[in-house]
There are 2 protein chains.
Amino acid sequence: METRELAYFLAVAEELHFGRAAERLGMAQPPLSRAIQKLERRLGVPLFDRSGRGISLTSAGEVLAREAATVLDAVAAATARTRRAGRADPRLVVALKPGGDGGLLPDILEAYRAHPDAVEVELVLCGVAQRAQLVRDGTADVAFLHIPYEELTGFDSEPLRVEGSVAIVPRGHRLAGQAFVRVAELEADPTPLWPRRHADINDPATLMQLVALGRLIAMAPESVTPHLRRDLVCVPVLDGTPTTVVLAWPERTRSRALAAFVRTASAVAERLSPAPG
Amino acid sequence: METRELAYFLAVAEELHFGRAAERLGMAQPPLSRAIQKLERRLGVPLFDRSGRGISLTSAGEVLAREAATVLDAVAAATARTRRAGRADPRLVVALKPGGDGGLLPDILEAYRAHPDAVEVELVLCGVAQRAQLVRDGTADVAFLHIPYEELTGFDSEPLRVEGSVAIVPRGHRLAGQAFVRVAELEADPTPLWPRRHADINDPATLMQLVALGRLIAMAPESVTPHLRRDLVCVPVLDGTPTTVVLAWPERTRSRALAAFVRTASAVAERLSPAPG
DNA sequence: CATGGGCAATACCCTGGAGGTATGGAGACA
DNA sequence: TGTCTCCATACCTCCAGGGTATTGCCCATG
């Protein structure tokens with residue numbers, strides 16, 4: 001099976017219409033029909049039900065749609081990773097969201113620089129959704145992810161640090177003076193608790209603004225504390241879900257530079273915090 | 001990048017010789033050379049060092065070799081899974097080694113049969129090395145694996161049961177009467193302890209024969225006990241590494257039949273043992 | 001029931017590129 | 001320096017993948 005055929009198939013599977021799929025692929029409909037027929041003949045299995053008006057995926061077709069997407073992702077990642085490995089200056093691309101390193105990054109970078117296998121480190125600061133994607137598609141080598149907020153499917157990983165939860169409230173807030181709170185207290189408050197009820201806010205600045213205005217109370221890993229606006233304060237949440245900061249990289253990857261980075265990061269995390277993972 | 005090109009590249013990367021690679025691929029050397037050149041041009045990156053006598057992989061080439069293997073495995077798996085999904089009678093193929101189900105399989109099968117999404121279950125009994133491979137390459141849907149003896153890389157999994165370790169010794173052995181032993185005692189014994197020092201024995205019959213002859217002491221999960229030869233006995237190892245029996249299936253897979261099987265197995269395991277995972 | 005429209009399949013042609021053969025050319029080693 | 005090895009280049013062939021024109025089938029609609 002050639003990747004071209006898989007791309008053709010996936011286009012038809014998504015459009016469920018040979019004509020539109022062909023247009024999307026920049027080709028005519030008949031060769032596309034033939035390519036799919038050929039694929040079906042080779043696999044010995046029908047992929048589409050063509051019963052009159054419109055087509056639909058057979059169960060085999062549904063399986064192949066999934067698999068084809070996997071393969072095409074892997075091919076795209078292979079291209080990106082190979083290209084990057086071929087650049088003259090070897091670099092390690094690290095993806096993280098601002099403040100998403102649990103405060104460990106400066107020490108990790110300093111310790112890593114001393115390592116014999118170390119290469120230049122490039123930091124990519126990005127939003128929450130892109131981070132894992134950047135590693136999956138080969139743009140980045142490794143990312144700081146937060147469990148349980150992000151999926152580790154398809155990654156190898158190394159836990160670095162476990163963080164407790166804090167509630168973020170305006171400086172003058174009723175809870176601001178307390179030594180700690182519990183989740184139940186926060187939920188009892190008339191102010192909505194993020195991310196329990198407002199999972200659709202993805203921009204931290206917006207979120208913090210809403211907190212400052214008293215429209216929300218936010219819960220976050222304790223490492224956000226140093227980066228917080230001055231008009232907000234943190235209160236530890238005793239029974240909040242702990243967050244684990246992990247380094248995640250693609251399975252089967254084992255460049256010396258990456259291995260050194262992971263080992264350094266792990267050592268730094270262990271040195272800086274009593275109980276890592 | 002077409003899969004054909006990746007296969008070509010991988011052949012050359014493995015042989016490190018265009019002539020031999022071409023022979024292996026059943027083609028002439030010049031078109032192979034050209035195909036690789038084209039690939040290098042498209043990627044914008046040299047994949048081989050061609051400095052006189054012999055060739056070698058560049059660092060980009062090493063990356064692509066890994067990635068190409070991943071892609072080709074994914075393509076092979078896609079073919080196998082699609083073909084199997086297209087067969088008239090839907091089946092769930094379960095791979096396990098004899099006795100590798102932790103004694104759970106009969107109950108799981110019985111419970112599964114009652115499930116609305118259940119399909120015919122086909123059991124593939126196989127050796128330890130093939131089990132994960134069968135799932136990876138799409139021949140099987142799901143396998144019973146043993147942690148930490150087997151890698152879960154690339155799989156989703158569900159832990160079913162945690163088992164203690166037992167030492168296997170001949171019936172008349174010095175340790176046979178004891179209520180339990182510790183690893184240190186076993187290591188102190190002049191008889192070599194498997195798998196610590198004899199990891200190269202893969203055939204259980206051979207292994208058991210060696211144990212019966214007093215040439216080895218074997219450590220294994222406790223669920224081997226019912227299948228043991230009558231001339232051997234088990235002694236619990238108090239501080240032996242516990243084994244977790246898990247169900248493992250390919251990431252991103254979610255057929256109804258498989259989901260039903262996993263959920264059933266998990267429920268059965270929870271019912272039969274106090275503390276699963 | 002007849003007709004028209006939408007859409008995939010078929011028929012037929014054409015071109016680019018994959019593959020083959022012959023040969024060149026650059027190191028390595030005697 | 002000559003020769004051997006092995007990859008690259010030159011040149012040719014042919015087929016597979018792509019295009020255009022058309023048919024065939026199903027369904028909707030009057």
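Protein chains get the first letters and strands the later ones, always in sequence-line order, with residue 1 at the start of each. The shown structure was predicted, so the numbers you read here are calculated from the model rather than taken from an experiment.
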Within the 3.5 Å criterion, strictly below it, is a donor on D137(A) or T139(A) matched to an acceptor on the partner's side chain? yes

With respect to the side chain of K38(A), which nucleotide from dA9(C), dT20(D), dA16(D) is positioned closest? dA16(D)

Indicate, yes or no, whether a donor-acceptor pair under 3.5 Å links the base of dG19(C) to the side chain of R34(B). yes

For the helix from dC1(C)-dG30(D) to dA30(C)-dT1(D), measure the angle between the helix axis at one end and the axis at the other, each built from five pairs, rounding to 10°. 20°

In terms of heavy-atom contacts, L247(B) and A265(B) come closest through CD1-CB, 3.5 Å

On the six-membered ring of F18(B), is R20(B) placed so that its NZ or CZ lies under 6.0 angstrom from the centre and within 45° of the ring axis? no

Minimum-distance nucleotide (side-chain atoms of P30(A) versus dG19(C), dC7(D), dT20(D)): dT20(D)

Using atom CD of E23(A) as one end and atom P of dG18(D) as the other, report the distance to the nearest whole Å. 17 Å

Quick check for you: among dC7(D), dG19(C), dA9(C), whose closest atom lies nearest to any side-chain atom of Q29(B)? dC7(D)

Does the base of dA8(D) carry an N or O that pairs as donor and acceptor with the side chain of Q37(B) under 3.5 Å? no

Among dG20(C), dG18(D), dA8(C), the one nearest any side-chain atom of H17(A) is dA8(C)

Taking the side chain of M27(A) as its heavy atoms from C-beta onward, which of dA8(C), dG17(C), dG18(D) lies nearest to it? dG18(D)

Does dA8(C) have OP1 or OP2 under 4.0 Å away from a side-chain N or O of S33(A)? no

